[in-house]
Amino acid sequence: MSTMTIDKSGPTRKVKYGSMSRDRTWALRWSYFFLILFAIFSLTPPLYMLITSLKSSAEISAATNPWWVYHPTLSNYIELLTSNQFLRFFWNSAWVSIIVVTITMLISVPAAFALARMKFWGSATLATGVFLTYLIPDSLLFIPLFKMFAVFGDWTGIQLVNRWYVLLFIYPTLTVPFCTWIMIGYFASIPKELDEAAIIDGASWFQTLTRIFIPVALPGLIAATIFAFTVSWAQFLYPLVFTTSTDQLVLPVGIITTLIKGDVFNWGQIMTGALLGAAPPLIIYAFLMDYYIAGLTAGATKG
């Protein structure tokens with residue numbers, strides 16, 4: 001199919017794009033259509049959560065339009081933000097996330113550097129194995145992990161189950177493999193001349209990592225940090241299994257276990273708690289999205 005024609009009758013040649021211009025216009029229209037459809041599909045749940053959080057329990061129970069607030073109120077937000085129990089959940093989640101991110105980066109960055117730049121026998125196979133461990137579902141791991149920590153507590157007398165800090169040992173099993181894989185791709189995309197020049201100048205591998213690669217690989221580090229924080233902040237299955245006491249719960253489990261009593265669902269506060277819990281990751285993504293995308297796409301191309 002011809003997409004353009006050339007008119008040679010005049011003193012200068014004129015290119016007529018014809019159907020190419022029409023095809024690009026329709027492609028642009030379809031792109032906007034699907035983007036708008038995706039935006040509606042993605043934003044409908046949080047919009048419904050926001051609307052419900054502004055309703056009283058009486059209005060939620062009434063047979064009214066669920067997409068409209070007749071008597072908006074901030075009582076749900078006030079009750080949660082002044083609740084010591086909810087603040088305890090939030091504090092536990094914050095501590096767990098910060099410590100897990102620190103542990104993850106201290107392990108994954110040197111591991112990724114070694115696998116990507118310090119070539120040794122089996123490094124490629126080991127790198128693939130690190131990533132494959134991330135693909136194992138949580139539902140297959142929580143039972144053996146629970147048994148391991150229970151036996152460890154019986155042997156040593158150190159109680160780990162039903163303590164929030166047990167999550168500091170469990171979450172890295174999820175975050176370290178994937179963060180290591182992200183950093184491997186980013187370190188591999190850095191020109192080899194940098195580390196070769198550093199070694200010629202007498203720098204050790206540790207100095208090469210800390211003084212050259214970490215500053216250059218900052219987008220990859222930020223991407224790995226955001227991922228580790230998101231996983232540790234939003235994880236639900238592991239804290240549900242390993243923590244039961246109210247003062248040991250993190251935010252995702254605390255909202256569900258305390259605001260659902262029997263068959264009574266306090267939907268207003270549940271939606272409010274979910275929105276407040278989603279705020280920290282949302283703020284982080286809003287300011288660091290460019291770095292996150294750059295880190296995830298690193299190593300996709302050469303040169």
Side-chain angles (χ1 to χ4, degrees), residues 31 35 94 96-138 141 167-235 280-303:
S31 299
L35 284 174
V96 169
S97 300
I98 293 172
I99 298 175
V100 167
V101 167
T102 304
I103 294 173
T104 300
M105 300 312 296
L106 289 176
I107 297 175
S108 61
V109 171
F113 179 76
L115 293 173
R117 312 301 291 200
M118 301 171 62
K119 297 298 183 181
F120 53 89
W121 183 84
S123 59
T125 304
L126 182 59
T128 305
V130 167
F131 178 70
L132 291 178
T133 59
Y134 172 74
L135 302 180
I136 302 176
D138 303 348
L141 292 176
L167 304 176
L168 305 180
F169 301 95
I170 298 175
Y171 285 175
T173 63
L174 302 174
T175 57
V176 169
F178 191 76
C179 290
T180 302
W181 183 258
I182 292 177
M183 295 308 302
I184 287 175
Y186 210 95
F187 285 150
S189 66
I190 297 176
K192 295 182 179 179
E193 289 77 10
L194 289 178
D195 48 344
E196 291 176 353
I199 294 174
I200 292 174
D201 290 338
S204 63
W205 284 112
F206 180 77
Q207 291 174 328
T208 304
L209 171 63
T210 56
R211 297 184 181 182
I212 297 177
F213 276 80
I214 288 181
V216 173
L218 185 60
L221 290 171
I222 294 177
T225 301
I226 293 175
F227 174 82
F229 178 83
T230 304
V231 169
S232 56
W233 183 270
Q235 177 62 222
L282 181 63
I283 294 172
I284 292 175
Y285 277 101
F287 286 99
L288 301 176
M289 178 57 71
D290 292 339
Y291 290 102
Y292 186 67
I293 295 175
L296 290 180
T297 56
T301 58
K302 292 290 184 180

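Bear in mind the structure is a predicted one, so any value in this text is a computation, not a measurement. Just so you know, these numbers use all the heavy atoms, side chains as well, and skip hydrogens, waters and symmetry mates.
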Practice prompt. Could you walk me through whether Leu209 and Arg117 pass the side chain to side chain contact (heavy atoms under 4.5 Å, CB included) test, one step at a time?
Written response: CA-CA 10 Å; Leu209 171 63; Arg117 312 301 291 200; over 6 Å; no
Worksheet item: Could you go step by step and tell me if Leu126 and Leu115 meet the side chain to side chain contact (heavy atoms under 4.5 Å, CB included) rule?
Response: CA-CA 8 Å; Leu126 182 59; Leu115 293 173; 3.7 Å; yes
Item to complete: May I have the step-by-step check of side chain to side chain contact (heavy atoms under 4.5 Å, CB included) for Phe187 and Ile190, ending in yes or no?
Response: CA-CA 5 Å; Phe187 285 150; Ile190 297 176; 4.1 Å; yes
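Atom CD1 of Ile98 is separated from atom CD1 of Ile103 by 12.0 Å, given to the nearest 0.5 angstrom. Interatomic distance, CD1 of Ile184 versus OG1 of Thr180, reported as 6.5 Å (0.5 Å rounding). For the atom pair CD1 of Ile99 and CG of Leu168, the computed distance is 5.0 Å after rounding to the nearest 0.5 Å. For the atom pair Leu174 CG and Cys179 SG, the distance stands at 10.5 Å (nearest 0.5 Å).
Summarising the geometry of Val216 relative to Tyr186, their closest heavy-atom pair is O-CE2, 3.8 Å, with the distance given to 0.1 Å. When all heavy atoms of Pro110 and Met105 are compared, the pair lying nearest together is CD-O, 3.8 Å. Scanning all heavy atoms of the two residues, the minimum distance from Gly202 to Gln207 falls at O-OE1, 4.2 Å. Minimum heavy-atom separation, Val96 to Leu167: CG1-CB, 4.1 Å.
Applying the side-chain hydrogen bond (donor to acceptor under 3.5 Å, both in side chains) criterion to Thr175, with sequence neighbours excluded, gives Thr104.
Between Phe113 and Trp205, the two ring planes are perpendicular [angle over 60°; tilted spans 30° to 60°].
With hydrogens and angles ignored, the 3.5 Å screen pairs no side-chain donor or acceptor of Ser97 with any backbone N or O of Ala94.
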